[in-house]
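Structure first, commentary second.
Just so we're clear, the structure is a prediction, and the values are computed from it rather than from any experiment.
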Amino acid sequence: MGYGPSKEMRRYNHLMGEIDGVYHEMARKLGLSDSAMLVLYTICVRGDACPLREICRSSGLSKQTVNSALRKLETEGAVYLVPASTKSKNVCLTEAGKALAARTAGQIIRIENEIFDAWPREDVEQYLDLTERYLLALRTRAGAFEKRGASGREGP
């Protein structure tokens, strides 16, 4: 059929899957779901508070998944939500949440920083430039798709 990925795409997909697997394993070992880890990670990147819409955008998680993770983190006393406007909320870390974030997402952020710090600056820049170039090209091409159902017919 000719739909198989190239050798390079197979390698890329394998590496991305392996990277996702390592992040999943770190979250599991630190006692968090992947979604809770991504929520805490995103908040850590922004400080002690973050707009809810930013968590959805930055994490790549659906709003439903983010809300589910937030309910669990709220129940555990790690986060609370405050209205930012009539249509938006900020997610804030409690003192317990700050401690949780430091020993989980903060630990992952430190590892990531150490890895990039160990690479030559030009390698880091090249890696980021190529990744961004791939993302922009993929986003552009994905934007050309018409919304279709699994049957191939145009959807709503």
Practice item. Any chance you could measure Leu73, atom CG, to Ser35, atom OG, to the nearest 0.5 Å? Key: 8.0 Å
Please report, to 0.1 Å, the donor-acceptor pairs under 3.5 Å made by any side chain of residues 116-123, with sequence neighbours excluded.
none

Review point. Do you reckon Leu61 sits in the same ILVMFWY cluster as Leu52, going by side-chain contacts under 4.5 Å, direct or chained?
Key: yes
Check your understanding: Would you say the side-chain atoms of Arg28 pair up with the backbone N or O of His24, donor to acceptor, closer than 3.5 Å?
Key -> no
**Study point:** Ion pair Arg57/Glu54, N-O distance below 4.0 Å
**Key:** yes
Check your understanding: Hey, what do you get for CD1 (Ile43) to CG (Leu93), rounding to the nearest 0.5 Å?
Key -> 4.5 Å
Practice item. Give a yes or no on whether a salt bridge exists between Lys72 and Glu76, defined as a side-chain N under 4.0 angstrom from a carboxylate O. Key: yes
**Study point:** Straight-line distance of Lys98 NZ to Leu100 CG, nearest 0.5 Å
**Key:** 13.0 Å
Exercise for review: Kindly give the heavy-atom pair with the smallest separation between Ala101 and Leu40, and that separation in Å.
Suggested key: CB-CD2, 4.4 Å
Check your understanding: Do the side chains of Tyr12 and Leu130 join up, straight or via other hydrophobic residues, at under 4.5 Å, putting them in one cluster?
Key -> no
Study note, to complete from the structure: Closest heavy-atom pair, Ala69 versus Val39, reported as atoms and distance to 0.1 Å, is CB-CG2, 4.0 Å
Check your understanding: How far apart are the closest heavy atoms of Arg46 and Pro51, and which atoms are they?
Key -> NH2-CD, 3.7 Å
Point to revise | Donor-acceptor pair, side chain of Thr42 and main chain of Ile55, under 3.5 angstrom | key: no
Practice item. Measure the spacing between CG of Asn13 and CE of Met9 and express it to the nearest 0.5 Å. Key: 4.0 Å
Check your understanding: Considering only heavy atoms from C-beta outward, does the side chain of Val66 approach that of Lys63 to under 4.5 Å?
Key -> no
Review point. Is any side-chain heavy atom of Ile109 closer than 4.5 Å to a side-chain heavy atom of Cys44?
Key: yes
**Study point:** Cluster overlap Val79 with Val82, hydrophobic side-chain contacts below 4.5 Å
**Key:** no
Point to revise | Residue pairs involving residues 125-145 (criterion side chain to side chain donor-acceptor pair (under 3.5 Å); sequence neighbours excluded) | key: none
**Study point:** Heavy-atom check, side chain of Asp34 versus side chain of Tyr23, under 4.5 Å
**Key:** no
Review point. Going through the checks in order, is the side-chain contact (heavy atoms from CB on, under 4.5 Å) test met by Leu30 and Arg103?
Key: CA-CA 8 Å; Leu30 293 167; Arg103 70 177 180 270; over 6 Å; no
Review point. Do the side chains of Met26 and Met37 join up, straight or via other hydrophobic residues, at under 4.5 Å, putting them in one cluster?
Key: yes
Review point. Do Val22 and Ile19 share a hydrophobic cluster (ILVMFWY, side-chain heavy atoms under 4.5 Å, transitive)?
Key: yes
Review point. Do Arg11 and Glu8 meet the salt-bridge criterion of a basic N to acidic O distance under 4.0 Å?
Key: no
Review point. Which atom names give the shortest non-hydrogen contact between Pro5 and Arg10, and what distance separates them?
Key: O-NH1, 2.8 Å
